[in-house]
Amino acid sequence: MVEPRSAAALGKEFPYTQKTLCYIEIAADGAVSHGADSGTYERARSGESRLFAVWPGEWASHLFVIDDLDEYARAHGLVHDQERTGLADHEHTTRWELDPSEKKPMGSYITIRVHLDCGCSIRDLDAFAKQIRDQQGWDIATSGGWGGSSTAGTYMRARRKSLTS
Ligand SMILES: [Zn+2]
């Protein structure tokens, strides 16, 4: 018998949100389920279940025990993580402009450049999209390309009509 490896030992190197990761939850009564849902974190934290994950590799796959639930929660955006996302948990001061590459500025989705005058930087588009939807109603396409720098701003796709000035 080989014990599962420790996800905690890998810290932020463990790919908590990698799509090919297979989460396995074992309830206290022995029931096994797979996939993580919105209740997984609470059940694992309360001891109702234990959480494992298979991390598939090219030649072999490895079983890990998810033994750092705080890191799991930060990775999944269940608790806000300023270090990982680059985003403070506050109302951002935003400016946006049409990206110079945008050829169809009247399209339903346009590429914009976002500047955060509050000093935040966007390292996690999903986290930014969630915050800015709540704060300003912007609809950011998280499946689109994005990137940029703190000086030139961050480019991303957004639904034009959702944008406030
Ligand atoms: Zn900010």
Side-chain angles (χ1 to χ4, degrees), residues 6-23 25 35-49 51-53 55 64-165:
S6 162
L10 292 184
K12 292 188 189 305
E13 300 301 308
F14 190 78
Y16 287 95
T17 56
Q18 183 174 298
K19 287 190 170 57
T20 55
L21 204 69
C22 177
Y23 282 104
E25 192 177 337
D37 63 31
S38 55
T40 299
Y41 171 62
E42 287 301 327
R43 288 192 296 272
R45 210 171 58 143
S46 69
E48 262 181 78
S49 67
L51 190 59
F52 299 85
W55 182 359
F64 284 79
V65 58
I66 304 302
D67 45 0
D68 185 346
L69 289 165
D70 292 338
E71 195 61 37
Y72 170 91
R74 283 193 290 269
H76 285 272
L78 301 170
V79 297
H80 187 75
D81 181 0
Q82 186 164 346
E83 190 189 329
R84 184 190 291 267
T85 62
L87 301 161
D89 191 10
H90 66 183
E91 292 274 331
H92 300 296
T93 308
T94 52
R95 277 184 296 127
W96 69 271
E97 61 198 5
L98 197 66
D99 190 79
S101 73
E102 182 56 73
K103 301 281 193 294
K104 293 178 181 168
M106 296 310 283
S108 55
Y109 277 84
I110 53 174
T111 302
I112 59 171
R113 237 166 228 279
V114 175
H115 301 268
L116 294 181
D117 292 333
C118 46
C120 294
S121 58
I122 302 168
R123 291 189 210 124
D124 179 329
L125 188 65
D126 287 330
F128 177 71
K130 187 168 178 288
Q131 284 185 321
I132 210 68
R133 182 179 298 116
D134 293 345
Q135 293 177 13
Q136 303 203 32
W138 293 11
D139 189 358
I140 303 294
T142 53
S143 57
W146 69 286
S149 69
S150 52
T151 46
T154 306
Y155 70 85
M156 63 191 70
R157 302 282 288 167
R159 192 162 59 84
R160 182 170 54 85
K161 286 190 173 159
S162 72
L163 297 169
T164 48
S165 52

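What you see is a predicted model; the values in this text were computed from it and never measured. Below, all heavy atoms of this structure are taken into account, side chains as well, without hydrogens, waters or symmetry copies. We count ligands from 1, going down the list as the structure has it; atoms in each ligand are counted the same way.
Taking all atoms of both residues into account, the shortest heavy-atom contact from Ala8 to Asp68 is CB-CB, 3.7 Å.
Legend: residues meeting side-chain hydrogen bond (donor to acceptor under 3.5 Å, both in side chains) with Tyr23, ordered by chain and number and at least two apart, are His76. Judged as a side-chain hydrogen bond (donor to acceptor under 3.5 Å, both in side chains), and not counting sequence neighbours, the contacts of Thr20 are Gln18. Applying the side-chain hydrogen bond (donor to acceptor under 3.5 Å, both in side chains) criterion to Asp124, with sequence neighbours excluded, gives no partner residue.
Once rounded to the nearest 0.5 Å, the distance linking NE2 of His80 with CD of Gln131 reads 5.0 Å.
A donor-acceptor pair under 3.5 Å links the side-chain atoms of Ser162 to the main chain of Asp139, judged by distance alone.
Here the protein contributes His90 NE2, His92 ND1, Cys118 SG, Cys120 SG as N, O or S atoms under 2.8 Å from the Zn ion (ligand 1).
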